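We're numbering straight along the sequence, starting at 1. The figures here come from the full heavy-atom set of this structure, side chains too, leaving out hydrogens, waters and symmetry mates. This one's a predicted model, so the numbers in the text were calculated from it and none came from an experiment.
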Amino acid sequence: MELFYFMVFGALSAVVAALELSKNSKDRINTSPAFNSFKNNYLVVYSLMMAGDWLQGPYVYYLYSTYGFGKGDIGQLFIAGFGSSMLFGTIVGSLADKQGRKRACITYCITYILSCITKHSPEYRILMIGRVLGGIATSLLFSAFESWLVAEHNKRGFEQQWLSLTFSKAIFIGNGLIAILSGLFGNLLVDSLSLGPVAPFDAAACFLAIGMAIIFSSWTENFGDPSENKDLLTQFRGAAIAIASDEKIALLGAIQSLFEGSMYTFVFLWTPALSPNDEEIPHGFIFATFMLASMLGSSLASRLMARSAPRVESYMQIVFVISSASLLLPIITNFLVAPSKVKGGSISFAGCLQLLGFCTFEACVGIFWPSIMKMRSQYIPEEARSTIMNFFRIPLNIFVCIVLYNVDAFPITIMFGMCSIFLFVASILQRRLMAISDKPKMESWTAMDPEAEPLND
């Protein structure tokens, strides 16, 4: 492996370590023992849930290819997963608000475990069922756990500022450290122990089962709007009215869809961008480097959110501009650096520059997750938190399905340019959100409910 990869990984490791070790009293939040116990319990569960997710990611495409399926068939399987998340995500989100967030988290574990089991079958129909189950599970992962955390945090009377500490730690550990360890563990199972490409899915199912046992034994139930007279359609209507009637919620949803849409597109594009002529690149090591850059971002976010200034709404404008610029690098290098026509070999000079830009983008991703979580906790009404969060994912999933379907239709520079524009638009919307962030909150959920009875004088 080339020295360049080790230098980037080593530099990022040194910066992350320096940031964590240099934190002073201004960068830390003083909390109570009761909160620390609550936070640590959630972090253990969240880490197990993310381990179950990260273990599968690098091997899904590889597993399907070993079963003999071509690029077209595999693309349809991936589209089925995102389509399932779009179609069923809002339904399961609404059920989480109504039937309980703890139940929804347990449902996530069961659904994802069943999805892992389907990977043992080479039959296309069984694998398609697994993708549908995986799409449902993904919707629950990115809504039910956060909804449970926010509601339980408030129910126990902890200070609002402490919530940002849990968010930043969850991203630092779950989306950074656990991702790196999962990649190494998956590599150990498949390559070193030669257990086959289905082994990471079995390991993921074990981690999910352990997490489910902890949820069963230590979590209490909480609800959004448990009204017995509200069906799912009424909840959908109320959530849609909440988004339409409060500009802050609408802006937050648009910002999230634009950023996550660009992020998922980047996941598909970084490999061909770094190896346009089939250069030999260490995919696993580069993935670990990206996750380390994400840890750097989450470490910066924890410092920023521990202080009263700058506010989240303010510094995220800068983050979106930087992320937009970082994804322009493939376009810039394409014009300034003469492309190599030699097949194979090591990564090119343009590829090295792009790798640095992609690490910058991943650092922005690390800042984005805890910051968007904090803003969602401030602006989204508790009664329909999971429902509204899954509403946000509908345009995201539509966008990703379109990109997947047309991934070969446009040059890679056009795709990166589109992502860069989306991120710049997100910065403009974030500026608007900053401008109106101090306005009073929207009326209560009951007042927005189109079927609620008017109060008597």
Side-chain angles (χ1 to χ4, degrees), residues 1-9 11-12 58 61 71-72 74-75 78 257-294 296-297 318-368 396 399-428:
M1 194 179 298
E2 293 186 15
L3 180 62
F4 173 73
Y5 300 117
F6 285 110
M7 290 176 62
V8 175
F9 190 88
L12 287 171
Y61 192 102
K71 186 178 181 181
I74 295 175
F78 273 87
S257 294
L258 288 167
F259 188 90
E260 290 191 41
S262 302
M263 180 185 70
Y264 284 117
T265 304
F266 167 78
V267 170
F268 300 128
L269 297 180
W270 72 261
T271 295
L274 296 180
S275 56
N277 294 307
D278 298 324
E279 289 90 348
E280 295 179 6
I281 59 173
H283 294 83
F285 196 83
I286 291 175
F287 172 78
T289 304
F290 287 163
M291 294 303 100
L292 192 59
S294 180
L296 169 61
I318 302 172
V319 171
F320 289 137
V321 171
I322 293 174
S323 61
S324 176
S326 67
L327 292 191
L328 281 177
L329 266 180
I331 303 173
I332 296 172
T333 55
N334 185 63
F335 283 105
L336 298 182
V337 181
S340 172
K341 296 182 179 179
V342 180
K343 289 288 183 180
S346 59
I347 190 170
S348 64
F349 175 69
C352 292
L353 293 177
Q354 290 178 36
L355 180 61
L356 295 176
F358 293 165
C359 288
T360 303
F361 177 72
E362 285 290 344
C364 292
V365 172
I367 299 175
F368 168 81
L396 163 67
F399 173 74
V400 174
C401 287
I402 293 172
V403 170
L404 271 174
Y405 191 76
N406 298 285
V407 70
D408 293 326
F410 301 100
I412 194 170
T413 51
I414 297 295
M415 303 291 279
F416 274 112
M418 177 183 64
C419 292
S420 181
I421 292 171
F422 284 176
L423 292 168
F424 186 74
V425 172
S427 71
I428 296 173

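- By the 4.5 Å heavy-atom criterion applied to side chains, S323 and F368 are not counted as neighbours.
- To the nearest 0.5 Å, the span separating CG on N334 from CG on L329 amounts to 12.0 Å.
- Side chain of T333 to main chain of P330: a donor-acceptor pair is present (N/O by atom type, distance under 3.5 Å, no hydrogens or angles).
- Taking the six-membered ring where the residue is Trp, F290 and F358 present perpendicular rings, their angle passing 60° and hence far from 30°.
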Pair F361-L423, side-chain contact (heavy atoms from CB on, under 4.5 Å): steps then yes or no: CA-CA 11 Å; F361 177 72; L423 292 168; 3.8 Å; yes

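- Rounding to the nearest 0.5 angstrom, the gap separating the CG atom in L328 from the OG atom in S326 is 8.0 Å.
- The aromatic rings of F259 and F320 sit tilted, their planes meeting at an angle between 30° and 60°.
- The distance from the CG atom of N277 to the CD1 atom of I347 is 12.0 Å, given to the nearest 0.5 Å.
- Here CG of L355 is found 9.5 Å from CG of L353. Values are rounded to the nearest 0.5 Å.
- Contact check for T265 versus F422: no side-chain heavy atoms found under the 4.5 Å cut-off.
- Distance CD/Q354 to CG/L327: 10.5 Å, rounded to 0.5 Å.
- Here the closest heavy-atom approach between residue I322 and residue C364 is recorded as CG2-SG, 3.8 Å.
- Environment of CZ in F349: sparse, with no more than 12 heavy atoms of neighbouring residues, nucleotides or ligands closer than 6.0 Å.
- Rounded to the nearest 0.5 Å, atoms CG (L296) and OG1 (T360) are 9.5 Å apart.
- Other residues, nucleotides and ligands contribute at most 12 non-hydrogen atoms within 6.0 Å of the CZ atom of F424.
- C359 is listed as a side-chain neighbour of L12, based on a closest heavy-atom distance under 4.5 Å.
- The closest donor-acceptor contact from the side chain of S420 to the backbone of S324 lies under 3.5 Å.
- You'll find the side chain of Y5 stays beyond 4.5 Å of the side chain of T289, heavy atoms only.
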